[in-house]
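Here is the naming used below: chain letters follow the sequence lines, and residue numbers restart at 1 for every chain. Any value given below was found using the heavy atoms of this structure, including those in side chains, with hydrogens, waters and symmetry copies removed.
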There are 2 protein chains.
Amino acid sequence: MSRASGTRQRIMDVAQEAILRKGFDATSIEEIVASVEITKSGFFYHFPDKNALALALIERHIEVEDALFDDLFGRARELSDDPLQTMLIGLKLLAELIADMPNQHPGCIVATAAYQDRLFNRDVRASNRKAVLGWRKRFRAMLDEIAAIYPPRDEVDLDAVADMVSGQVEGGIILSRALEDSSILPQQVVLLRSYIKLLFSPPVQ
Amino acid sequence: MSRASGTRQRIMDVAQEAILRKGFDATSIEEIVASVEITKSGFFYHFPDKNALALALIERHIEVEDALFDDLFGRARELSDDPLQTMLIGLKLLAELIADMPNQHPGCIVATAAYQDRLFNRDVRASNRKAVLGWRKRFRAMLDEIAAIYPPRDEVDLDAVADMVSGQVEGGIILSRALEDSSILPQQVVLLRSYIKLLFSPPVQ
DNA sequence: GTAGTTACTTTACCGCCGGTACAGTCGTGC
DNA sequence: GCACGACTGTACCGGCGGTAAAGTAACTAC
């Protein structure tokens, strides 16, 4: 890692921690550079403006989260050949993982951007959209596999069900933060798992 | 309505519209007062600071939303004596209502506060918490009625299921905004309805 | 009918923050 | 040894949240 990319990385790490803790706007460039121990000019050498920092954080986050999901559902697939079981195991693992990193979930970054539309430029919003569509595609593929074997017990749009994974996480984060109770987020993921289970489980005879 | 409360109301109306459109931070006091046609000092006569405006908006929002839910589930109750059917009808009405007011859903205010913690003071966060707990209590009562008749088909925490209503709405808003597709939010509410239906429906024989 | 209160306006100012401009510096790689 | 990359230092700008305080028009109580 070169000197430049090291500094850039450190700016992003410090910024991400602060932004997740208190929001994008409440995190000043001046406080970031103080923490990284560079000057303000040093910051603007790496990022043309604060927006570019947000963009870099979102794009890095998508990569990290994709890798995490790959790992998680990869392990789940090793544990079962059945696509429904794989999904249920994966969601359980996700709930456990999330429970262990209470305030660190990066979905926040997407939501922050969603809620401060005019604060961010088109690039940031496009990247945000890309992230959500990526998750939809991932989970839609898994749901298709499941639905091919287990006909859903209710008439649903599988894209919407796929979106529900992201939605449940984002909504869970908001509730967790609003109530200052970190157990809510994993609990909401568990409920999503319960829905998937009920939706695709063959009727008991 | 006195002159003062009229002006206060107008400040809040203008502010709410702007905040929902572009976020709390991106909405300046100067632009609010320009739109209301008062001076900056006039604003600070009514609100000690911007935080107090946020607090007033959240508290007004809770009242409006409570009244809306009262009306909605009241109508649903008129349409069926069965608590499960009442819940399902109410969620359907909610989905329709939300579909008709694409970007206007005020849940945004709660989320905005949740995502900009340090930007708001303790009062705002307390009010926020109160709102979410109020929704939990409302839906928990309905779920208790349902569960007394229809035993749930999966082991779930009913408080968590109650929270899921708020969570699904908040998450749906984020997805709708991120994808700029207003149909996602009502769709997510429909999925919640599907879950409640599957969770409490007696098994088909 | 006038004194006091309410609901503001006017003017002037402060400090923080995002951002710009630009010259200077210091280490590394060729 | 020199060019380039990765910064530092200094100085400045405008917008925004917020403060201070004096002035004023309209209503309201007595």
Distance in angstrom units between A/L53 CG and C/dG18 P, rounded:
11 Å
Under 3.5 Å between N/O atoms: give me all the protein pairs with nucleotides 15-18 of chain D, atom names plus distance.
unit_1, atom_1, unit_2, atom_2, d
D/dC16, OP2, B/E30, OE1, 3.3
D/dG17, OP1, B/K50, NZ, 3.0
D/dG17, OP2, B/I29, N, 2.9
D/dG17, N7, B/K40, NZ, 3.1
D/dG18, OP2, B/K50, N, 2.9
D/dG18, N7, B/K40, NZ, 3.0
D/dG18, O6, B/K40, NZ, 3.1

Chi angles and distances behind the ring pair (Phe, Tyr, Trp, His ring centres under 6.0 Å) call for B/Y150, B/F200
CA-CA 6 Å; B/Y150 306 100; B/F200 292 106; 7.6 Å; no
At under 4.0 Å, does any side-chain N or O of B/T7 touch on OP1 or OP2 of C/dC8?
yes
Applying side chain to side chain donor-acceptor pair (under 3.5 Å), name anything that partners B/R77, two or more places apart in sequence or on another chain.
none
Below the 4.0 Å mark, does C/dC8 have OP1 or OP2 next to a side-chain nitrogen or oxygen of B/H46?
yes
Just to verify, what does B/K92 make a salt bridge (charged side-chain N to carboxylate O under 4.0 Å, His left out) with, not counting sequence neighbours?
none
Name all pairs fulfilling the ring pair (Phe, Tyr, Trp, His ring centres under 6.0 Å) condition that reach into residues 72-92 of chain A, sequence neighbours left out, sorted by first residue then second.
A/F73-A/F139
Separation of A/I32 atom CD1 from C/dC16 atom P, in whole Å?
18 Å
Among residues at least two apart in sequence or on other chains, which ones pass side chain to side chain contact (heavy atoms under 4.5 Å, CB included) with B/E59?
B/L55, B/S127
Is there a donor and acceptor pair, one atom on the side chain of A/S41 and one on the base of D/dG9, closer than 3.5 Å?
yes
Within the pair A/Y45 and D/dA6, is there a side-chain N or O less than 4.0 Å away from OP1 or OP2?
yes
Got a sec, which residues hit side chain to side chain contact (heavy atoms under 4.5 Å, CB included) with B/D71, two or more places apart in sequence or on another chain?
B/R75
Just how far, in rounded Å, is C1' of C/dA7 from CD of B/E37?
17 Å
